[in-house]
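Have a look at the structure below before the remarks.
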Amino acid sequence: MTAHLLGIDGMDRAEIEELLDLTDTFAEIGRRPIARVPALRGRTVATLFFEDSTRTRVSFDTAAKRLSADTLNFAAGSSSLSKGESLRDTVDVIASYGVDALVVRHPMAGTPHRIADWTDASVINAGDGSHEHPTQALLDAYTIRQHRGALDGMHVGIVGDIRHSRVARSNVLAFSALGAEITLVAPTTLLPPSLVGWPVRVSHDLDEVLPSLDVCYLLRMQRERITEGLIPSVREYVSDYGLDAARAARLPADALICHPGPTNRGVEISAEVATDPRSVILDQVVNGVSVRMAVLFLLLGSGRELVDKAESVAGA
Amino acid sequence: MAERERRQTPPFGGVFAAHARIMDADDMARAVSRMAHEVIERNHGLDLVVVIGLQTGGVPLAERLADALDEIEGIRPPVGSLDVALYRDDIGLRPVIPEAATDIPVDLDNSIVVLVDDVLFTGRTIRAALDAVCDFGRPRAIQLAVMVDRGHRELPIRPDFVGKNLPTRRDEVVDVHLEGVDLGVMQK
């Protein structure tokens with residue numbers, strides 16, 4: 001059976017922690033004078049992006065290269081998709097290059113799951129619509145763990161456009177699995193229509209929540225939301241939910257400020273707060289490569305499926 | 001014993017059953033002390049020496065060797081640890097999982113690296129370790145210290161400092177732990 005990483009949904013605490021523990025090993029490789037190991041020599045990792053992204057694609061590409069895998073980059077804008085080729089055909093063509101892992105980003109939720117049915121390669125979800133973005137959640141959990149030891153009992157506030165955010169969804173699942181308490185802070189229009197089953201509290205008042213937070217996680221505010229009528233104006237959003245210096249002063253001294261990037265300085269985060277000593281935004285970027293190395297190695301190199309085989313031989 | 005060996009020795013994933021105690025704790029202490037003297041003699045002191053233990057079995061032994069070197073010379077050389085999992089040649093063939101992050105505390109250029117492992121068997125772990133060390137710099141020399149050399153080499157690799165030479169059958173398992181060294185087999 002081929003192993004995939006399609007979402008945090010379905011991963012339990014032990015699996016998430018195994019991956020975060022393994023990430024330490026790969027973070028150390030990133031600090032070496034020659035940041036490269038031969039672990040995935042001869043393997044090919046393809047990034048298949050049907051939506052714009054720089055940092056996630058570059059992060060996966062760097063992770064694959066540090067493991068000595070070959071990389072193949074496919075971006076929808078410059079492809080035969082614009083000539084009308086179907087998704088299925090595109091995947092088949094890419095797979096026929098002998099690809100071992102497909103890193104997929106697509107504007108439609110569920111696309112990576114569909115692709116996983118079509119191919120023998122390992123599929124990694126790098127963001128599907130407003131559904132999930134599992135490696136982002138893993139790198140965020142790793143970053144918080146790195147600074148605060150563990151997520152158990154941490155109070156994490158996720159602020160902004162929860163409704164359209166795959167990051168928020170994956171993070172809620174990962175952080176809660178690791179024992180954190182989560183408060184979503186957003187206007188009603190930017191919350192999902194139903195929060196039944198989400199292990200979260202909800203607030204519309206950022207100022208009230210700030211003093212009790214261990215982590216203030218800001219989401220990117222997209223300007224399209226104004227034309228959609230979900231917020232009246234950027235100015236109003238900034239005055240209610242933007243993290244500026246005055247608000248940051250209400251955060252505890254040891255709190256962390258996170259943002260998945262790219263940041264809209266002056267909207268969800270002010271320029272001074274982005275460089276506040278409590279901001280770990282650049283750590284998130286660095287850790288992103290380490291976490292993705294761990295994911296790629298676990299799926300392609302660890303032979304984890306062989307462990308199960310060996311155990312079943314032993315049990316037979 | 002390392003989880004890797006437990007999983008990979010037939011009948012895979014079994015339990016270690018010792019049939020002979022090869023060294024006891026005193027024997028091991030004497031062997032470590034002798035190896036420490038040999039390291040100092042060979043390198044005319046400890047000026048350039050860096051001791052690096054291989055995960056997992058070599059790490060506690062590297063600490064013990066460094067303690068013994070300190071006792072003799074009054075200098076404790078830098079001690080590091082190295083996980084060679086990502087350099088192994090059996091990735092994709094057998095389960096390979098790194099145990100712990102590598103920690104090389106000093107620049108290895110022009111140093112004399114003494115690699116330490118518990119058991120020398122096929123030599124493939126050491127091959128991987130040589131590649132890994134070279135990614136950290138260009139040591140003046142790399143030497144190898146092992147508690148037990150059990151033979152069955154598959155590569156042209158030999159140890160410089162040996163606690164004990166132990167003839168074994170291929171299907172046997174050598175377990176080096178704090179209280180001594182046991183020879184046994186894996187059983188279901």
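Since we're looking at a predicted model, the values are computed, not measured. By convention in this document, chain letters (A, B, ...) are assigned in the order of the sequence lines, proteins followed by strands, and residues within each chain are numbered from 1.
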Within 6.0 angstrom of E71(B) CD, more than 12 heavy atoms from elsewhere: no
Can you check whether I97(B) reaches L298(A) side chain to side chain, under 4.5 Å on heavy atoms? yes
Kindly check if the number of other-residue, nucleotide or ligand heavy atoms within 6.0 Å of CG (D171(B)) is above 12? yes
Please list all pairs meeting salt bridge (charged side-chain N to carboxylate O under 4.0 Å, His left out) that have one or both residues in residues 33-45 of chain A, counting only residues at least two apart or in different chains. none
Between D135(B) and chain A, with a heavy-atom cut-off of 4.5 Å, which part of the residue counts as in contact: side chain, backbone, both or neither? both
Quick check on the interface: out of A101(B), A100(B), G137(B), who has the most heavy-atom pairs with chain A under 4.5 Å? A101(B)
For E73(B), all residues meeting side chain to side chain donor-acceptor pair (under 3.5 Å), sequence neighbours excluded: none
For R114(A), does the CZ atom have more than 12 heavy-atom neighbours from other residues, nucleotides or ligands under 6.0 Å away? no
Residues of residues 140-160 of chain B within contact distance of chain A, non-hydrogen under 4.5 Å: none
Would you sort out whether F136(B) and I34(A) count as a side chain to side chain contact (heavy atoms under 4.5 Å, CB included), showing the intermediate values? CA-CA 7 Å; F136(B) 284 90; I34(A) 300 173; over 6 Å; no
Anything in residues 21-31 of chain A with a heavy-atom distance to chain B below 4.5 Å? Please list those residues in order. L22(A), D24(A), T25(A), F26(A), E28(A), I29(A)
Honestly, the part of P33(A) sitting under 4.5 Å from a heavy atom of chain B is side chain
